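This one's a predicted model, so the numbers in the text were calculated from it and none came from an experiment. Letters A, B, ... mirror the listed sequences (proteins, then strands); counts begin at 1.
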There are 2 protein chains.
Amino acid sequence: MKLTEAKQQFISSWGAFGTQWGIKRTMAQIHALLMVSAEPLTQDDIMEQLNVSRGNVNMNIRDLISWGLVDRVVMQGERKEYFTAEKDTWKVATQIIKERKKRELDPMLKLLSQLEIIEGDKKDKDVKQFIDTVSGIRKFGNQADKMLEMMVKADESWFLGGLLKIFK
Amino acid sequence: MKLTEAKQQFISSWGAFGTQWGIKRTMAQIHALLMVSAEPLTQDDIMEQLNVSRGNVNMNIRDLISWGLVDRVVMQGERKEYFTAEKDTWKVATQIIKERKKRELDPMLKLLSQLEIIEGDKKDKDVKQFIDTVSGIRKFGNQADKMLEMMVKADESWFLGGLLKIFK
DNA sequence: CTGAATTTTCAAAATAAATTGAAAACAATA
DNA sequence: TATTGTTTTCAATTTATTTTGAAAATTCAG
């Protein structure tokens with residue numbers, strides 16, 4: 001397979017993969033493009049390579065920056081802004097975990113702990129089922145939260161090498 | 001807070017949470033409703049409680065069954081079908097992991113390993129960056145795959161109790 | 001300050017995704 | 001087998017999301 005074709009397929013698949021996880025297709029594609037690009041790109045480069053509008057690129061780039069996955073790069077003597085993506089997969093993954101945890105998991109756990117405090121007879125089977133379900137999810141979520149917290153603080157070699165020992 | 005209100009809020013939040021992860025709002029809401037319901041429900045019960053159409057309920061119930069999260073229940077002497085959800089959070093979580101792994105992660109890893117085999121000078125910086133990125137993601141993905149594989153085989157007490165020791 | 005290059009914004013348009021509802025298929029009963 | 005209750009299907013519709021593109025704002029050089 002030729003590089004151009006492989007790039008194309010990678011970008012397109014990464015976009016499709018992203019949508020399955022609630023990430024906008026174009027955002028995922030821009031991210032993919034920057035990850036496989038050796039040099040930083042301008043908005044125009046991205047527009048051209050992905051065939052999307054200027055506004056679209058601009059907004060999604062800003063999102064990617066807010067996710068901590070893309071950085072602005074100043075090229076000496078150049079007027080235009082350049083953009084580059086973090087290439088280290090471990091850093092990318094932990095960054096995504098960190099952000100989704102902050103934006104989604106933490107608020108959800110906060111809500112669940114509030115929902116557990118409900119009026120009514122704890123002997124009533126509907127009340128009991130509600131509390132059991134919600135507290136079960138909350139406990140699991142809290143444990144997952146702790147695990148992810150430690151994961152983002154750990155380093156890659158732990159993940160690649162040490163993890164297997166856990167399961168013996 | 002009253003049970004009815006809490007249920008309402010749980011279902012609505014679970015639906016919103018789901019959409020952020022690429023799950024249809026109604027599917028997530030049906031799942032939420034069944035998880036907090038002590039008794040199995042019929043399609044009509046669900047239609048009424050969530051204010052959605054028969055077709056919608058039917059399709060999403062089938063999806064939930066295919067995800068292994070909901071079961072048909074035969075109520076003796078009843079003509080209608082009843083549905084119930086797995087209530088054990090650990091089982092729910094591992095089931096979702098198992099399915100998403102099978103449907104999304106595994107095919108992605110398969111694709112990535114194919115994309116690594118590209119023609120061209122490995123000294124070329126674009127070729128090198130492409131291979132490095134793709135193989136970095138693939139290696140990480142494979143490790144995550146292994147970890148999840150073991151997780152779904154482990155049991156809940158391991159997760160709740162034993163996991164912390166890992167990080168010492 | 002002026003003007004050209006560049007970035008940002010956002011209402012409108014296009015696209016994609018989810019939902020409806022009625023007809024068809026199916027299942028159980030008599 | 002005919003009737004009735006129930007489930008399933010899917011084309012049409014509605015709703016939600018994403019994208020566009022042109023105008024406004026910003027930035028920089030002279």
Connected via hydrophobic side-chain network under 4.5 Å: B/Leu34 and B/Ile65: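 In one cluster with B/Leu34: B/Ile65, yes.
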
Shared hydrophobic cluster for A/Met59 and A/Leu33 (ILVMFWY, side-chain gaps under 4.5 Å):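 No; A/Leu33 is not reachable from A/Met59 via cluster members.
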
Side-chain donor-acceptor pair present, B/Gln8, B/Thr4, cut-off under 3.5 Å: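 Side-chain D/A pair, B/Gln8 to B/Thr4: absent.
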
Interatomic distance where [atom1] belongs to [X] and [atom2] belongs to [N] [whole Å]:
| X | N | atom1 | atom2 | answer |
| --- | --- | --- | --- | --- |
| A/Ile23 | D/dT18 | CD1 | C1' | 15 Å |
| A/Met27 | D/dT17 | CE | P | 16 Å |
| A/Asn60 | D/dT17 | CG | P | 15 Å |
| A/Met47 | D/dA22 | CE | C1' | 12 Å |
| A/Leu50 | D/dT19 | CG | P | 11 Å |
| A/Glu78 | D/dC28 | CD | P | 14 Å |
| A/Lys24 | C/dT15 | NZ | P | 17 Å |
| A/Ile46 | C/dT7 | CD1 | P | 10 Å |

Protein proximity profile, nucleotides 4-10 of chain D - base contact B, sugar-phosphate-only contact S, no contact -, cut-off 4.0 Å on heavy atoms: -BSBBBB

Residues that B/Asp132 engages under salt bridge (Lys or Arg N to Asp or Glu O under 4.0 Å), provided they are two or more places apart: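 Once residues adjacent in sequence are excluded, the partners of B/Asp132 under the salt bridge (Lys or Arg N to Asp or Glu O under 4.0 Å) criterion are B/Lys128.
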
Expected output: side-chain B/Asp45 to main-chain B/Thr42 donor-acceptor under 3.5 Å: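 Flag set: sc B/Asp45 to bb B/Thr42 pair under 3.5 Å.
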
Criterion side chain to side chain contact (heavy atoms under 4.5 Å, CB included) on B/Val152 and B/Leu148, from CA distance to verdict: CA-CA 6 Å; B/Val152 302; B/Leu148 294 171; 5.5 Å; no

Phosphate OP1/OP2 of D/dT18: any A/Thr26 side-chain N/O under 4.0 Å: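 No, no such contact exists.
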
